[in-house]
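Below: the structure, in structure tokens.
Order of the sequence lines fixes the chain letters, A, B, ..., with proteins taken first and strands second; residue numbering starts at 1 for each chain.
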Protein chains: 2
Amino acid sequence: MAKPKPRTRDADATKSRILAAAKSEFARLGLGGARVDEIAEKARANKRMIYHYFGSKEDLFRVVLEEAYLDIRNAEQGLELDHLPPVEALETLLRFTWQYYLDNPEFITLVNSANLHRGRHLEGSERLQMASRRLVRMVQDILDRGVESGVFRAGIDAVQLNITIAAIGYYYLTNRFTGAILFERDFMEDAALQQRLAFNIDTIMRLVTV
Amino acid sequence: MAKPKPRTRDADATKSRILAAAKSEFARLGLGGARVDEIAEKARANKRMIYHYFGSKEDLFRVVLEEAYLDIRNAEQGLELDHLPPVEALETLLRFTWQYYLDNPEFITLVNSANLHRGRHLEGSERLQMASRRLVRMVQDILDRGVESGVFRAGIDAVQLNITIAAIGYYYLTNRFTGAILFERDFMEDAALQQRLAFNIDTIMRLVTV
DNA sequence: CTAGTAACGCACCGTTTAGTTACTTTTAAG
DNA sequence: CTTAAAAGTAACTAAACGGTGCGTTACTAG
């Protein structure tokens with residue numbers, strides 16, 4: 001349906017170029033460190049366009065953040081974990097979360113920035129709350145099925161488990177620079193990454209199985 | 001020995017006032033967001049003094065960061081865990097780490113800032129590496145004693161365990177703002193904090209015990 | 001074809017920024 | 001008391017900074 005017409009003016013394309021450039025700059029330097037001029041240049045757009053489409057630097061940050069969260073939430077749903085037995089489903093979610101963080105390093109720094117600013121830019125986002133509820137329900141369902149089939153113990157809070165799954169991957173990756181200095185290891189070496197993933201799977205499995 | 005002379009000019013006092021103000025501002029707004037003028041004002045000092053004592057904004061950040069890390073590493077050593085049986089020692093370390101994060105929220109945001117800048121401000125800090133080595137040795141010793149007495153399983157990497165202990169507390173607290181929005185919970189309520197600490201102790205104990 | 005509108009870009013504004021210069025005041029040793 | 005170094009201040013600068021005013025160009029409905 002969509003015509004591949006080579007436009008010289010294309011609002012949607014310009015908007016998404018701005019969004020991509022903003023994501024990269026906000027992730028690299030934080031909200032305070034990113035420069036609107038730099039975003040405009042990287043987007044091959046004009047600064048005026050940023051203000052035209054997004055209103056302000058902070059509003060642009062808001063959109064970037066919400067998109068980043070919705071991206072991972074949608075990708076999680078694409079796993080279709082309800083088709084898998086509980087243990088496999090949980091391990092698949094763990095591996096996915098780890099790989100997503102590795103493939104999308106901007107996500108982690110964007111979330112850090114959002115929290116440095118006390119979550120102010122995400123307040124009242126209905127879309128995000130809906131997407132998050134779906135994730136919690138998905139994990140709760142895995143837990144329930146595991147309890148029913150006798151492989152998982154009862155009484156585990158799905159939210160706490162979700163937080164823990166994210167934590168053990170996220171922390172390792174976000175603090176890999178200071179970690180490398182403190183622990184005198186290369187955190188990003190292939191062997192180190194594999195070892196960490198295995199450790200994390202072990203941690204979670206020991207936590208949930210009977 | 002130290003004379004309690006009421007000085008109107010006191011280099012050490014001024015320096016530590018600057019350091020305290022800088023720590024607070026860097027933690028609150030990040031390296032890019034913090035303002036040198038604001039730090040000077042909060043320290044009841046002059047901006048010139050900051051440049052006199054610390055050279056540049058980045059060098060000031062460097063000192064703040066190193067001090068923050070050395071503080072927690074010293075506090076950990078004060079626990080004297082080698083006097084405790086392995087299970088108690090590990091639980092004490094866990095509770096301490098959790099409480100330290102709660103009592104020193106600046107620590108977490110400073111570490112986040114350090115990693116946003118790829119650890120560049122901590123490079124080549126011998127003091128920090130020494131302090132970190134002591135921590136790893138301490139945990140390794142707890143693990144060894146636990147294996148010997150038959151309560152812990154063998155083959156657990158002390159560094160991975162250290163990272164995991166930090167991760168499950170750190171992530172919960174640093175991402176409490178976006179967490180509150182996503183999961184529609186108050187992360188800082190007394191009951192929620194207690195529940196999380198209990199969950200974390202459970203996670204680690206299941207990970208290390210046979 | 002033509003007008004109206006959406007997309008775009010230049011050049012600038014007022015403010016803020018890290019860092020500096022030139023100067024004064026306090027301290028303490030001899 | 002003298003004096004020189006250390007501690008402290010205010011006013012300044014040059015270069016960003018986020019944000020805008022206003023004019024121009026391409027697209028499209030009629």
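- Side-chain contact between Leu173(B) and Leu102(B) is present, with at least one heavy-atom pair separated by less than 4.5 Å.
- Closest to the Asn46(A) side chain, of the nucleotides dA7(D), dA18(C), dC10(C), is dC10(C).
- Taking the six-membered ring for Trp, Tyr171(B) and Tyr171(A) have ring centres at least 6.0 Å apart.
- If you measure from atom CZ of Phe61(A) to atom P of dG18(D), you get 14 Å, rounded to the nearest angstrom.
- For the residue pair Thr164(B)/Arg196(A), the side-chain donor-acceptor check at 3.5 Å is satisfied.
- Note: CD1 (Ile39(A)) to P (dC17(D)) measures 11 Å, nearest angstrom.
- Side chain Lys47(A) to base dG19(D): a donor-acceptor pair is found below 3.5 Å.
- Protein atom OH of Tyr53(B) is 8 Å distant from nucleotide atom C1' of dG8(D), rounded to whole Å.
- Contacts of Ala13(B) with the nucleic acid, taken as non-hydrogen atoms under 4.0 Å apart, are absent.
- The side chain of Tyr51(B) approaches dT20(C) more closely than any other nucleotide in the set dT9(D), dT20(C), dC10(C).
- A salt bridge does not link Asp12(A) with Lys15(A): none of the charged nitrogens is closer than 4.0 Å to a carboxylate oxygen.
- As rounded to whole Å, 17 Å separates atom P of dG23(D) from atom NE2 of His52(A).
- We find that CZ of Arg35(A) is positioned 10 Å from C1' of dG18(D), with the value rounded to whole Å.
- With rounding to whole Å, Ile18(A) atom CD1 is found 11 Å from dA7(C) atom P.
- Following rounding to the nearest Å, Glu41(B) (CD) and dT17(C) (P) show an atom-to-atom distance of 12 Å.
- Nearest to the side-chain atoms of Thr14(A) among the listed nucleotides dA7(C), dG18(D), dC8(C) stands dC8(C).
- Looking at heavy-atom distances under 4.0 Å, Phe54(A) makes no contact with the nucleic acid at all.
- Regarding Leu60(A), its CG atom lies at a distance of 14 Å from the C1' atom of dG19(D), rounded to whole Å.
- Between the base of dG21(D) and the side chain of Arg48(A) there is a donor-acceptor pair shorter than 3.5 Å.
- Toward the 5' end of DNA chain D, the nearer of the two residues Asp12(B) and Asp37(B), judged by each one's closest nucleotide, is Asp12(B).
- The base of dG19(C) is not paired with the side chain of Lys57(B) by any donor and acceptor separated by under 3.5 Å.
- Without hydrogens or angle criteria, Thr109(B) side chain to Glu106(B) main chain gives a donor-acceptor distance under 3.5 Å.
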